[in-house]
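To start, the structure under review is shown below, and the notes come after it.
Letters go in sequence order (proteins before strands), and every chain restarts at 1.
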Amino acid sequence: MHLSICDASIFILRFRGCVALGKVLVAAAWPYINYVPHLGTLLPLLSADVVARYYRLKGDDVVFVSGSDEHGTPIEVEAIRRGIHPKELVDRNHKIVSDLLERYGISLDNYTRTESPLHKEFVRRHHLKIYKNGYIFTKETELPYCPKCNRFLPDRFVEGTCPYCGYGEARGDQCDRCGRLLDPTKLVNPHCTICGAEPVIRRVKHWYFDMPKFTGQLLDYIKSNKQLPDNARNFSLKLLQEGLKPRPITRDTKWGIPAPFEGAEDKTIYGWFENVLGYVSATIEYFKRRGEPERWREFWFHREAKTLFFIGKDNIPFHTLILPALLLATHEGYNLPWNVITNEFLMFQGQKFSKSRRVGVWIDEALRLYPADYWRYTLISIRPETRDTNFTWKVFIEKVNSDLNDTLGNFIHRTFKFINRYFGSVVPEPKNLDEVDEATLNAVREKVDEVARRLEAFRLQAAAREFLEISHIGNRYLNEKKPWRSIKEKPQEAANTLYVAVQIVKALAVTMHPFIPFTAEKLWNLLNLPDKNYKGRWAEAKKPIPPGHRIKRAEPLFKKVEGSEEGLQRMLENVRSTKAPATPTITIEEFSRVDLRIGRIVKAEPIPKSRNLLKLMIDLGDYGLKQAIAGVAEHYKPEDLEGKLIAVVANLAPKTIMGLRSEVMILAAQDGRVLAVIQPDRRVEPGSRIT
RNA sequence: AGCGGGGUGGGGUAGCCAGGUUAACCCGCUGGGCUCAUAACCCAGAGAUCGGUCGUUCAAAUCGACCCCCCGCUACCA
């Protein structure tokens, strides 16, 4: 089947919207792994996972792919900072991230990486192909080059004084103070942010992808793709109306995929022109590994395949314009993204997630606090669908305690307990169900369908609400039927009630699966339903558990989050401090602002009513006697400390702790539960400066 | 600056694109019920002139114009 690629009608056919189900490619944005992702970065992967799991439950043929985005200057710079080769950095991070995603239950069929040999080879062949098709040309430009680092500098890596407002730390692309767009060549006193040297301007040749040639086809694609969400469509149309520009696809960096063009041997391919091709290469790799090397085509060429891309809003143009253009440029008739499901941003307590300022929660530390399902449920239920939303500890506590534990967990638990206790753990035989029983079962079936409808519309937040609603129905039903009464007077009625209740539990076990898969499997097991493979299980939501079936003993599925919002933030900070933090470097000048000295503890005494505090009097020689309130009482007895020479920070702003003034801070090393004060290894006078 | 998104009871969100019965849901609050269940559950109630103004319309949270505030983006932080 070969249609002219320029024929717009094929798009109309392909994107009419009533595409038959069956084959679903689910793709999630590739996290950039210069660092562990934070909760916001997890959103596209998590959303994709919910949908992938749903389609699998429905019995569709699903392939779910993503991978680590590993190339580019930020990773190179991070590697330099740590004194290792970029490859070593990404090998390490890829492993960490893959492992974490698995622990979040992100059910990827292939989580690969841009360093995968198959990907690199695929990308080179792809670009050569579109080069031969005439979509790539070369052009010379002037770019800043750092002679000391021996590299061309991306705009963001040049800083200098803004020529408009005089701001001293304007970046090459934009001034943070006046907001003006800049050109790195215009900066006054420019310097390289990596080494500080002054960059020079060099003329270089680069290879450009001729985006404007695809304007018409992309316009047709965007306009005829009915399911594209508004934010993705509007933004893409705007860019198309403004006019596409040729994009440089080569970079003068070493860390990347070598450009395959003649004369470009020392260049690499720009990240966004290779990582999006990873969706294809990951599919190829997956089927190759399964020994079915041709089947990837079913997902990328058969018209009936649905391809779903889950991304954050900042990635829209790469998925609605650049990826389609790259695919069109092959003239091979690739499926263009059937839908690009875009989430807005997640904020943390009203602020943007920020790695440098440590605002937010990172996915490794989150798992050290609470189970994956708690995070999954919370994130999906506040998933930023129509606007940015805010993650707060308050929300987290509310979602886990009220929704998961009280409403959902408790309904399941009371049903189990009742059957355990009054029916010997055996599903009772129903006889003559009354109207309320039937209506309830119907309402539950209705809800199951509603969850499915919401999921198919990618309204994940609403879908989660609907599945939780099933447990509300259950709770309401039990309250109305009061089986704890009828068990005494009309045991058959109680039997009917619990029969219905356990069917609701089963429906929940199925519908909760996309959202909280770990809990779903645990529940499936408690229901003593043997099937380990969940493919095609969705239909089970409406099939009753037969009377006589034995279930297991009740076991709580969730635990409440104990403690306040402040308490949780403290827990997070504890978790954070016990792993080696990658603290940003400081200059010697910055360090010298800290006045470190040796002091002698002349007196140490416990503070009444405090658990861990000691009041210390510390002799600082010429600087006098200072009082320190130190949190060491759980590690040292007062008499152990008296007489010791120890390191202190002498110029910390004083603070009042439990009504006592603390003027200096003593230094101690912490290794998990072990605390050790820092002492000089030979005798020096109290007050000696530590440098 | 331009562009985009948003401002809905105390808090958090949905509804808006395809205008139409008492503006929905969760948390919180008040009162009541229940006691099988992880002090959980269920019911009822209070509480919003849907940022402001003007307009379109028989009818606007929903459409249009203008204004005020918040946020994001302006092509390598989802």
Is it true that the side chains of [X] and [Y] contain a donor and an acceptor less than 3.5 Å apart?
X: A:His119; Y: A:Glu274; answer: yes
X: A:His319; Y: A:Tyr279; answer: yes
X: A:Asn93; Y: A:Tyr35; answer: no

Could you work out the separation of [N] and [M] based on their [atom1] atoms and round it to a whole Å?
N: B:G52; M: B:C26; atom1: P; result: 26 Å
N: B:A14; M: B:C54; atom1: P; result: 29 Å
N: B:G72; M: B:C50; atom1: C1'; result: 23 Å
N: B:U8; M: B:A61; atom1: C1'; result: 7 Å

Can you check the [X] [atom1] to [N] [atom2] distance for me, whole Å?
X: A:Phe418; N: B:A40; atom1: CZ; atom2: C1'; answer: 16 Å
X: A:His472; N: B:A24; atom1: NE2; atom2: C1'; answer: 14 Å
X: A:Tyr477; N: B:C43; atom1: OH; atom2: P; answer: 16 Å
X: A:Ile382; N: B:G12; atom1: CD1; atom2: P; answer: 12 Å

Check whether any side-chain N or O of A:Arg459 sits under 4.0 Å from OP1 or OP2 of B:A14, and answer yes or no. no

Just N and O in the side chain of A:Tyr32: are any of them under 4.0 Å from OP1 or OP2 of B:C77? no

Identify which nucleotide among [options] has an atom closest to any side-chain atom of [X], counting heavy atoms from C-beta outward.
X: A:Asn479; options: B:A37, B:G11, B:C42; answer: B:C42
X: A:Val395; options: B:C42, B:A78, B:G12; answer: B:G12
X: A:Asn343; options: B:C25, B:A78, B:G72; answer: B:A78
X: A:Asn405; options: B:U38, B:U13, B:A75; answer: B:U38
X: A:Thr407; options: B:U38, B:C41, B:C36; answer: B:C41
X: A:Phe318; options: B:C41, B:C71, B:A75; answer: B:A75
X: A:Lys417; options: B:C42, B:A37, B:A75; answer: B:A37
X: A:Arg465; options: B:C25, B:C27, B:A78; answer: B:C25
X: A:Leu346; options: B:C36, B:A40, B:A78; answer: B:A78
X: A:Arg414; options: B:A75, B:C34, B:C41; answer: B:C41

Base-pairing assignment for B:G64 (Watson-Crick or G-U wobble, both under 3.5 Å): B:C54

Closest-nucleotide ordering on RNA chain B, the 5'-leading residue of A:Phe411 and A:Glu469: A:Glu469

Most 5' of A:Leu478 and A:Ile322 on RNA chain B, judged by nearest nucleotide: A:Leu478

Side chain A:Tyr221, main chain A:Leu321, donor-acceptor under 3.5 Å: no

Looking at A:Asp314 and B:C77, is any side-chain donor or acceptor paired with a base atom of the opposite kind under 3.5 Å? no

In residues 483-491 of chain A, which residues come under 4.0 Å of RNA chain B by heavy atom? A:Trp484, A:Arg485

Closer than 4.0 angstrom, basic N to acidic O: yes or no for A:Glu446 and A:Arg453? yes

State whether A:Arg454 and A:Glu450 are salt-bridged, where the test is any N-O pair (Lys NZ or Arg NE/NH1/NH2 against Asp/Glu carboxylate O) under 4.0 Å. yes

Residues at least two apart in sequence or cross-chain that pass ring pair (Phe, Tyr, Trp, His ring centres under 6.0 Å) with A:Phe64, listed by chain then number, are none

Among A:Phe214, A:Trp272, A:Tyr270, exactly one meets ring-ring contact (aromatic ring centres under 6.0 Å, His included) together with A:Phe209. Which residue is that? A:Phe214

